[in-house]
Amino acid sequence: MDINAVNALSYEDFLEIFGNVIEKCPIIPAAIWIHRPFTGLADIEAHISDFIDSLPESGKEGILRCHPDLAGRELKSGALTRDSQEEQRAAGFTDLQPAEVSRMRSLNSEYKERFGFPFVICARLNTKQDIMRELLQRLGNDRAAERARAIGEVKKICALRLRNLVLSDSANKL
Ligand SMILES: NC(=O)N[C@H]1NC(=O)NC1=O
C-alpha cells in the first residue's frame with residue numbers, strides 16, 4: 001500500500017487497517033486520521049507519538065494497561081490480538097518451559113504490584129532472555145521513569161506494526 005492509498009482511505013477503512021497499531025487503542029488512529037494527507041510512514045508515526053505525548057500521565061498509563069502480559073494467560077488461552085500473538089511468538093514466549101512461565105508470571109505480578117500497569121516491551125526487538133533481564137532491571141526504576149520507558153516501547157511496537165501493514169507489499173514501499 002503506498003501513501004496515496006493510505007490517504008484515500010475513509011476513516012472506517014483506516015481504522016479497520018490501522019486500529020490496533022497501539023494495542024487495543026483504536027481511539028489513537030481514529031484521532032490522527034484528521035491529519036491526512038500524511039507525507040509518509042514517519043509522518044503517521046509522528047502524529048501518533050505527539051498524540052500520546054499530549055495525554056495526561058493517567059492516559060499514558062491507560063494505554064499501558066491495554067497491553068496483555070507477556071507469557072500471560074491470554075497467550076495460553078489464544079485470546080491475544082493477532083499482532084500480540086505474533087510478537088510474543090517471535091520473542092520465543094510460545095515455547096517456554098513451565099519454570100520459565102512461572103518466572104515470567106511472578107515477575108509480571110511483582111511489576112504490576114509496584115507500578116499499577118503491566119510490563120511492556122517491544123517483543124520483536126528482544127529475545128525472551130533480554131526481556132527477563134530488562135524486567136528485573138526496570139523493576140528498580142521509579143514510577144515516572146518507568147512510565148516514560150514503557151511508553152517508548154509502545155511507540156516501538158507501533159512503528160513495527162505500521163511497517164508491517166504498509167510495507168508488506170514490497171513493490172509499493174513508501
Ligand atoms: N506486555 C507487552 O509488552 N506486550 C506486548 N509487547 C509486544 O511487543 N506486543 C505485546 O502485546
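Remember, it's a predicted structure, so these values are computed and weren't measured experimentally. We count ligands from 1, going down the list as the structure has it; atoms in each ligand are counted the same way.
Shown in contact with Phe119 at under 4.0 Å from a heavy atom are these atoms of ligand 1, numbered in order with element: 1 (N), 2 (C), 3 (O). Every atom of ligand 1 with a heavy atom of Cys122 under 4.0 Å away is listed here by number and element: 8 (O). Applying the 4.0 Å criterion to heavy atoms of Val120 picks out, from ligand 1, the atoms 1 (N), 2 (C), 3 (O).
The single protein non-hydrogen atom nearest to atom 9 (N) of ligand 1 is Glu87 OE1, 2.6 Å, given as residue, atom name and distance. Looking only at heavy atoms of the protein, atom 11 (O) of ligand 1 is closest to Ser84 OG, 2.6 Å. The protein heavy atom nearest to atom 8 (O) of ligand 1 is Ala123 N, 2.8 Å. When hydrogens are left out, the protein atom nearest atom 3 (O) of ligand 1 is Ile121 N, 2.9 Å; that is the closest non-hydrogen contact.
Only the side chain of Ile157 comes within 4.0 Å of ligand 1, judged by heavy-atom distances.
The closest side-chain heavy-atom distance from Val120 to Ile157 is below 4.5 Å.
Judged as a side-chain hydrogen bond (donor to acceptor under 3.5 Å, both in side chains), and not counting sequence neighbours, Asn126 has no contacts.
Under a cut-off of 6.0 angstrom, the local environment of CD1 in Ile27 is sparse, with at most 12 non-hydrogen atoms contributed by other residues, nucleotides or ligands.
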Counting only pairs under 3.5 Å, give me each side-chain donor-acceptor contact of residues 29-37, with atom names and distances, residues two or more places apart or in other chains.
| unit_1 | atom_1 | unit_2 | atom_2 | d |
| --- | --- | --- | --- | --- |
| Trp33 | NE1 | Leu9 | O | 3.3 |
| Arg36 | NE | Trp33 | O | 3.1 |
| Arg36 | NH1 | Asn7 | O | 3.3 |

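Between Pro68 and ligand 1 there is a heavy-atom distance shorter than 4.0 Å.
The nearest pair of heavy atoms linking Arg65 to Gly116 is NE-O, 2.8 Å. Arg161 approaches Ser84 most closely through the heavy-atom pair NH2-N, 3.8 Å.
Proximity of a side-chain donor or acceptor of Ser109 to a complementary backbone N or O of Arg105 within less than 3.5 Å is detected.
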